[in-house]
Amino acid sequence: MCGIFAYLNYLVEKDRRYIINTLLTGLSRLEYRGYDSLAVNGDKENEFLIFREVGKVAALRAKIESQSTLDMNKKFLSHTSMAHTRWATHGQPCEKNSHPHRSDPNNEFIVVHNGIITNYKELRTILEKNGYLFESDTDTECIAKLAKYIWDNHAKGSKPTFTTLVKAVCKELEGAFAIIVKSTHFPDEVIATRRGSPLLIGVKTQKKLKVDFVDVEFGGAEAPAAVAQPKGNSLLAPINPSHPPMQRSQSRAFLSDDGMPQPIEYFLASDPSAIVEHTKRVLYLEDGDIAHIDEGELHIHRLRRDDNMSTMRQIQTLEMELAEIMKGSFDHFMQKEIYEQPESVVNTMRGRVNFDTRTVTLGGLSTYLATIRRCRRIVFVACGTSYHSCIATRAIFEELTEIPISVELASDFLDRKTPIFRDDVCVFVSQSGETADTILALRYCLERGALCVGITNTVGSSISRETHCGVHINAGPEIGVASTKAYTSQFIALVMMALQLSEDRISKTERRNAIIDDLCRLPQVIKETLALDNELKQLSRESLVKQASLLIMGRGYQNATCLEGALKIKELSYMHSEGILAGELKHGPLALIDENMPVILIMTKDSLYPKVQSALQQVTARKGHPIIICNTNDSNIPDKYRTIRVPQLVDCLQGLITVIPLQLLSYHIAVARGVNVDFPRNLAKSVTVE
Ligand code: G6P
């Protein structure tokens with residue numbers, strides 16, 4: 001999805017070079033979210049400089065550097081600037097569709113936006129009728145034009161404040177958004193607000209903050225009510241200049257001892273990875289928060305008090321390290337993340353699995369365990385790779401807990417308006433914690449009174465905040481669009497949850513112990529599997545890179561591996577690939593098999609081994625030459641087959657290992673095909689729109 005970044009310095013002198021560099025670095029951290037990018041930078045009073053470039057941030061940097069007339073040493077004591085990287089939803093990636101969008105050639109209002117405004121067509125029609133000329137194909141532009149329309153319809157002397165104006169704009173917007181607005185009418189001020197799309201604010205001061213929170217200010221209740229309907233238009237909320245000014249409590253956090261504002265820098269971004277190198281102190285905005293930064297102070301407003309929501313926003317400390325979001329010696333983030341798995345799986349289990357006592361303790365679930373054990377069913381809801389981690393663990397969950405489980409793709413779950421009841425437990429699995437479909441499904445289940453559990457990798461994300469309880473998978477930041485280490489960590493988090501829920505079942509003790517013992521072996525076994533990398537690279541070049549299609553077959557616990565492997569192949573190498581449940585082979589897919597169709601068959605040693613052997617025979621009988629992923633200790637496989645041999649683990653954990661060769665194969669095929677591994681075309685890491 002689009003990425004937003006903004007930088008404000010107040011009483012902290014910075015030159016233009018520093019400001020532009022900060023924006024460009026912020027954008028490069030968010031680059032995985034978008035394709036085209038730009039930076040905005042105020043210069044003289046009431047003048048914004050706007051730079052646009054399609055493609056990578058490096059191209060934007062080169063463009064700015066080539067502007068010889070730009071005085072990069074010019075100093076700014078206080079300054080506001082913003083930048084954006086765009087994942088096109090409305091309009092092609094091109095300069096005219098790049099953000100910020102402006103209200104008019106004088107840039108009275110400029111906006112960067114992440115999300116989708118679903119009623120933009122209606123707004124655009126009305127605004128065009130009123131003489132506002134649009135310059136782009138985007139939904140975003142209507143936000144800037146709308147701000148100007150509301151502004152223009154107020155007589156001099158009764159103009160709204162910046163916050164009141166943005167509130168009036170937001171009231172008209174439908175859909176999901178995080179926006180940052182700047183205006184020549186409010187120089188040096190910035191408004192940031194969100195509904196459905198992530199946005200957080202990093203704070204950097206020299207002195208320690210006085211308090212670790214910001215009070216939320218309420219007021220302007222029914223927003224700006226009116227003297228007159230603006231130009232007779234019923235769509236737009238009228239504004240009342242006689243409305244009492246909003247209560248402006250001091251944000252104590254940002255004052256120095258003598259009660260004066262202190263020098264401060266703010267970093268606003270869609271993702272903490274763009275902030276962490278500057279400061280670890282961050283504040284996550286809630287849906288509906290309107291943050292106003294003016295003269296170094298941050299004020300958070302809401303239209304009205306919401307009893308379910310805290311009246312404070314905590315300033316939290318990010319635990320992420322800068323090194324975690326750098327590629328280091330690896331060629332790609334995806335490669336780095338595949339190689340991080342021996343450590344990331346340990347981080348998922350750290351402090352939770354006691355290998356000596358063979359117990360599991362998930363602190364985030366402790367007060368809800370009894371409720372979960374009593375529920376009538378568990379519904380897993382997720383998208384993409386996260387959905388596959390649910391498929392991978394469904395069987396062991398059912399076996400250990402004896403609770404019926406259903407696994408749902410979030411979009412389909414919503415399309416079907418699936419019946420959900422108070423005694424259901426719904427588990428939302430999401431790496432980013434920001435996937436729009438999963439969040440909508442979560443809200444749907446919250447409304448119906450189900451207990452909602454979040455399994456996410458992102459502390460402070462919407463899913464981790466809006467669920468009743470949950471587990472953070474602690475895999476560390478995942479930047480590569482194709483999910484790898486998050487998959488294995490989600491898998492483990494779900495297995496740990498099943499283990500804890502079944503701790504009181506004596507009949508399951510032996511099984512639980514076998515699983516916990518193999519969890520302990522995981523890091524070593526993953527390392528052994530990663531050692532196949534060269535062999536896999538060779539295999540991909542010799543046999544797979546030129547193919548048009550690849551079928552991946554298996555059954556039981558390996559079904560999820562097939563689906564996940566095929567997803568990796570198609571999203572990275574743009575090669576058609578399908579995960580096929582071997583039990584379904586004779587119901588259709590067998591028709592695809594001949595001597596030319598590449599097949600990978602997963603045949604590891606579990607109770608279904610004989611059935612997969614029969615699938616192998618069916619494939620070879622049709623002249624297929626499958627590559628077999630099997631266990632190192634399997635001596636039954638005739639030499640004529642090419643094999644990928646992986647260490648054996650207990651059946652329900654084997655999928656953690658069989659997926660690794662497929663991650664590596666997809667990586668090597670993509671590299672050999674010259675495809676951008678970390679940013680596959682048309683895809684985004686975090687899909688924050690429906
Ligand atoms: C996108 C990503 C996938 C990811 C899916 C779900 O499609 O490209 O890698 O699996 O979203 O994302 P989530 O953050 O909810 O796990």
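Both counts, for ligands and for their atoms, begin at 1 and track the order of listing.
- A donor-acceptor pair shorter than 3.5 Å cannot be found between the side chains of Arg673 and Ser540.
- No side-chain donor from either of Gln431 and Thr456 sits under 3.5 Å from a side-chain acceptor of the other.
- Close contacts of ligand 1 with Val481, meaning ligand atoms under 4.0 Å from a residue heavy atom, involve 8 (O), 9 (O).
- The shortest N/O to N/O separation between Ser432 and ligand 1 falls below 3.5 Å.
- Note: Phe413 and Tyr444 meet the aromatic proximity criterion, with ring centroids under 6.0 Å apart.
- His468 and Tyr368 are not linked by any side-chain donor-acceptor pair at a separation below 3.5 angstrom, with hydrogens and angles left out of the test.
- Between the choices Thr456, Ile463, Val381, Thr435, the shortest heavy-atom distance to atom 13 (P) of ligand 1 belongs to Thr435.
- Applying the 4.0 Å criterion to heavy atoms of Thr385 picks out, from ligand 1, the atoms 10 (O).
- For atom 5 (C) of ligand 1, the nearest protein heavy atom (residue, atom name, distance) is Cys383 O, 4.1 Å.
- In this structure, His388 has its ring center at least 6.0 angstrom away from the ring center of Tyr487.
- For atom 11 (O) of ligand 1, the closest non-hydrogen atom of the protein is Lys685 O, 3.9 Å.
- Between the side chains of Ser406 and Arg377, no donor N or O sits under 3.5 Å from an acceptor N or O.
- Nearest protein neighbour of atom 16 (O) of ligand 1, counting heavy atoms only, is Ser386 OG, 2.5 Å.
- Residue Ser483 has at least one heavy-atom neighbour below 4.0 Å for each of these atoms of ligand 1: 9 (O).
- A 4.5 Å side-chain heavy-atom check between Ile602 and Met553 finds every atom pair outside the cut-off.
- Those atoms of ligand 1 with a heavy atom of Gln431 less than 4.0 angstrom away are 13 (P), 14 (O), 15 (O), 16 (O).
- Scanning the protein heavy atoms around atom 8 (O) of ligand 1, the nearest turns out to be Ala684 O, 3.0 Å.
- Defined by atom type and a distance below 3.5 Å, a donor-acceptor pair is present between the side-chain atoms of Gln341 and Thr488.
- The nearest protein atom to atom 7 (O) of ligand 1, hydrogens excluded, is given as Val687 CG2, 3.9 Å; this is a heavy-atom distance.
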